[in-house]
Amino acid sequence: MNLGALLPSAIDGLLLGFVYGLAAMGLTLIFGVTRVVNLAHGQMIAMGMFVVLAVASGAGLNPYVGVLLAAVVGLAAGVVIYVVAVDRVINAPELTTLLATFAVNLIIIGTATTLLTTSPRAVDVDMGALRSGGVTVLGTHLVAVVIAVAAAGALYAFLFRTRLGKSIRAVAADRAAAELMGINSRRMLALAFGLGTALAMTAGALLATLFSFNVLSGGTYETKSFVIVVLGGLGNPTGALIGGLIIGLLEGVTAVVIPVSWVPVIEYAVFVLILLVRPRGLLGSRQ
Amino acid sequence: MLRLRGRSRPFLPVLLLIVAVVAAVPLVTGNPSMREELFFMLLLVTLATSVNVITGYTGYVSFGHIVFFGLGGYGAFWLMQALGVHFLVAAVLGVIPAVLVAAVVGAAVLRLRGAYFALATLGILEATKAFMTNFDPAGGAVGLSFNFSIYAQYGGAKSAAELAYVFMALVALAAIAASYLVRHAKFGLALMTIREDQDAAVVLGIDPARTKVAAFVISAVFPALAGAAFFFKNGIIEPGSAFDLTRSIESLVMVVLGGVGTVAGPVIGAAVYEWLRGFLITSPALASFQLTIAGVLLLVVVLFATSGLVGVLRARFPAVREWLE
Amino acid sequence: MSALLALRGVTVAFGGLVAVDDVSFDVEEGSITGLIGPNGAGKSTVFNAVNGVYRPRAGSILFDGRDIVGMPSQRIARLGIARAHQVVRPLTDLTVLDNVTVGACFGRDGLGLAAGRRRAAGVLEQLGLADRASQPAGSLNVAQKKRLELARAVAAGPRLLLADEVLAGLNPHEVDEMLGVFASIRDAGVTILMIEHLMQAVMHLSDQVVVLDYGRLIAVGTPAEVQADPAVVEAYLGDPRAAERLMADEP
């Protein structure tokens, strides 16, 4: 156990937690509004990574432009996925919607693997580093946090200050009642789905500035998102953000204290425990 | 006078006969590659049929179904490798860890509903896999492997493979029979009532907790036996192949493809799924797009044919209805 | 004859809201008791307390001399209390026959599948649903679903039947038919406790009437006694038409 490494690892984990939280917010937003668990979530994250790759390596632009582009592409992609794969079965039992999003997941993985191959990729981003008292924090990590917080803030502003956002929240609370009040619930569901995937792709884009990746990298982040979403409360975006911080911190701390390979065991054990003891999550689910 | 719908057609014996005859072909012709294919097919039939009990009949979507396959596999493998136990005994004993998890963890997890339950089973699967990866007595990330001399007691590797094959075929047949018996028993009616409306089920006198756990335990037995056979034949077991989430979800896909909550559905679904996959892999133009095509097909089935192939067949050919359920 | 069901000081509360307040009454075996009161009086809550859906904060509920407070609903069902709900809950994807079979197989008599199916068929004949036996329950209209709900409860072979507004939404002809069905159920030895708003039906059929208002019991007695009770009339004055119906003794 190396205590000297504990603080920097914990800080790093916490910073990473913001990005995890952003991804999880996307997943939980979709569930909270549409009651659908988006099994294509991981692939959305992976696609965000590749948008940054395309912008930085392909077009030679600043990678952070890619982050913005990822958000836009994510929004469009989510709406399309909803309309094509989910809308028709929105009221069907869970198995149907789960398999529908899983099918989308397969389609994306298949197409991406064929077109992009599974070779590892990386985007070189140098934003310097911040040094203080023996702790070094990479600039890319700080920028990622700033963007993640900004994105979360934008989401909140949208949900709570705009008419469209309030309509989405109405649909989340009670779809039938919302329709009676003249809200086009179908459009709101599509929009919510799009926002959710936009957040996922943005998170993926940020991760691309931090780590190397490949077409299949989405998987681990997807399961991490599930853990966070349950921890924070299904359907609760604030819970997802805080859950992300907790998981990030947990990872950072435990990686120093115990062998790295045990970290997933702890994460999943916590996951199952929360579902058993407090399924509504730490902050309560929006149901 | 109300005519009760009795079992006027021998559906089960016919289905079992078809499966048994198909399974017998490679044994009779001595064709090893066909035996390999059918071995895998019978495994899929077992997985799909057993997950249908908890997902199709009871309505609880389980993402973690494959955990029983892995637990049975590891249990039996360890007994054979460390203690030299004979395969048949080891396979039966290997059911114990699977059933224990289904009963104990299941009791807790089955209190959850819908997506929560599905996610919880996912958590259990991943937690078990992560744990086994770190658990050195079971070989950790590398897993366990046989010293090839173990096959001597079965008359050599080829005989051992044949033994595993026959065993797998019997397990598949047993799973189908069990699925049928459950569906046509009072127990099956209780499961379907819980699926429809658990609160109404309680008021009608059904004990939901005990009934659901029983269904979960039943669904765990057959994958455990199948796991024992699979890894016995392979001679090696490690966490990645024992607790493969994709395989878990594939079982669900096969069930939906064939027809959720039916007896023949999972069997047909498994057969069609595996045939499609074999076709896609061997056709060079399509191989790289395999997953994409699978996804598109799944989406089409989910969106347009929710009652699966069985539902489609029954709708288009009414004569088939009494033969196919 | 002793009381099959006895409520003693039953109070059901949800946080600060007291829905049923210190209610006591008996239901004699083999009788039909009507439970009436203005909307929101707590009648369905009493039912929920009796069959274990809600746990009373205070009081005891004796079924055949045995306190069933705190017992899980499935056990209460097996003891012999069956319920036809006000908001019907058919098992929509199962057939009508299967719906009623569930009642027969898991209720008090706990029949095997084949015996349960036979009894279910008989009950369906009795309730006029025999020709729809193999249709999915979801395809029935509302009145038929109500009859299915009752059939499912009756098929369990209960000792006590809790009938929650079974007559609501039926036309006069159907009401008459259903009253006959209730009478024959009673004649077969089943005790009935029924919540109804159809005054003439309740007064006509019941041996005893229990009146609730704001969760409190305000009158218990024969139909004649209850109709003449000023407290009851006053409770219903909030709804003058109901009071009128109460006072008129329409056949």
Side-chain angles (χ1 to χ4, degrees), chain A residues 31 35-37 39-40 84-89 92-115 117 219 222-223 226-227 229-230 234-235 258-277 279-280 285 287, chain B residues 55-56 59-64 105 107-109 111-135 140-141 195 245-246 249-250 252-253 255-257 260-261 287-304 306:
Chain A
F31 184 78
R35 297 285 180 279
V36 171
V37 175
L39 289 180
V84 169
V86 180
D87 184 57
R88 201 188 142 92
V89 290
E94 283 94 20
L95 182 57
T96 313
T97 50
L98 282 168
L99 289 182
T101 55
F102 182 69
V104 171
N105 187 44
L106 286 179
I107 294 173
I108 298 178
I109 291 183
T111 320
T113 314
T114 314
L115 296 177
T117 81
E222 179 164 336
T223 22
F226 282 134
V227 176
V229 155
V230 161
L234 268 165
I258 58 174
V260 172
S261 55
W262 278 97
V263 172
V265 185
I266 306 240
E267 271 183 352
Y268 294 123
V270 165
F271 180 55
V272 177
L273 231 73
I274 298 257
L275 279 171
L276 293 180
V277 170
R280 297 176 69 247
S285 64
Q287 283 218 35
Chain B
T55 297
Y60 275 73
V61 179
S62 174
F63 275 150
V105 181
V109 156
R111 289 181 291 129
L112 303 169
R113 308 231 188 157
Y116 290 94
F117 173 77
L119 290 176
T121 60
L122 175 68
I124 293 171
L125 173 63
E126 294 289 341
T128 308
K129 178 162 124 184
F131 177 76
M132 292 305 268
T133 310
N134 287 286
F135 191 55
R195 180 189 72 200
L245 177 62
T246 315
I249 301 189
E250 276 181 345
L252 293 176
V253 173
V255 167
V256 169
L257 186 61
V260 183
S288 49
F289 265 108
Q290 191 199 126
L291 276 180
T292 313
I293 296 182
V296 171
L297 278 168
L298 177 61
L299 193 60
V300 166
V301 170
V302 165
L303 293 181
F304 300 109
T306 24

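So you know, we letter chains A, B, ... as the sequences are listed, proteins then strands, and number each from 1.
- With a 4.5 Å cut-off on non-hydrogen atoms, B:Thr306 touches chain A through its side chain but not through its backbone.
- Residue B:Phe63 touches chain A through its side chain alone, counting heavy-atom pairs closer than 4.5 Å.
- When heavy atoms are compared at a cutoff of 4.5 Å, B:Thr128 does not approach chain A at all.
- Residues A:Arg88 and B:Phe304 are in side-chain contact: their nearest non-hydrogen atoms beyond the backbone lie under 4.5 Å apart.
- Interface residue B:Val260: only side-chain heavy atoms are found under 4.5 Å from chain A.
- The backbone N or O of A:Thr111 lies less than 3.5 Å from a partner atom in the side chain of B:Thr292, making a donor-acceptor pair.
- Closest of all the heavy-atom pairs between A:Val37 and B:Ala115 is CG2-CB, 3.8 Å.
- Counting only distance, with no hydrogens or angles, the side chain of B:Asn134 and the backbone of A:Val265 share no donor-acceptor pair below 3.5 Å.
- For the residue pair A:Ala269 and B:Ala127, the shortest heavy atom distance occurs at N-CB, 4.4 Å.
- Most heavy-atom pairs under 4.5 Å with chain A: of the set B:Val61, B:Leu298, B:Leu119, B:Val300, this distinction falls to B:Leu119.
- Interface residue B:Leu112: only side-chain heavy atoms are found under 4.5 Å from chain A.
- The side chain to side chain contact (heavy atoms under 4.5 Å, CB included) test with B:Val302 is passed by exactly one of A:Leu98, A:Thr101, A:Thr96: A:Thr96.
- A:Leu39 touches chain B through its side chain: at least one heavy atom from C-beta onward sits under 4.5 Å away, while N, CA, C and O do not.
- Across B:Ala130 and A:Tyr268, no two heavy atoms sit closer than the pair CB-CD1, 4.4 Å.
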| field | Check against side chain to side chain contact (heavy atoms under 4.5 Å, CB included), B:Phe131 and A:Trp262 | value | CA-CA 7 Å; B:Phe131 177 76; A:Trp262 278 97; 4.0 Å; yes

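- Ranked by heavy-atom pairs under 4.5 Å with chain A, the list B:Val253, B:Ile249, B:Thr133, B:Leu252 is led by B:Ile249.
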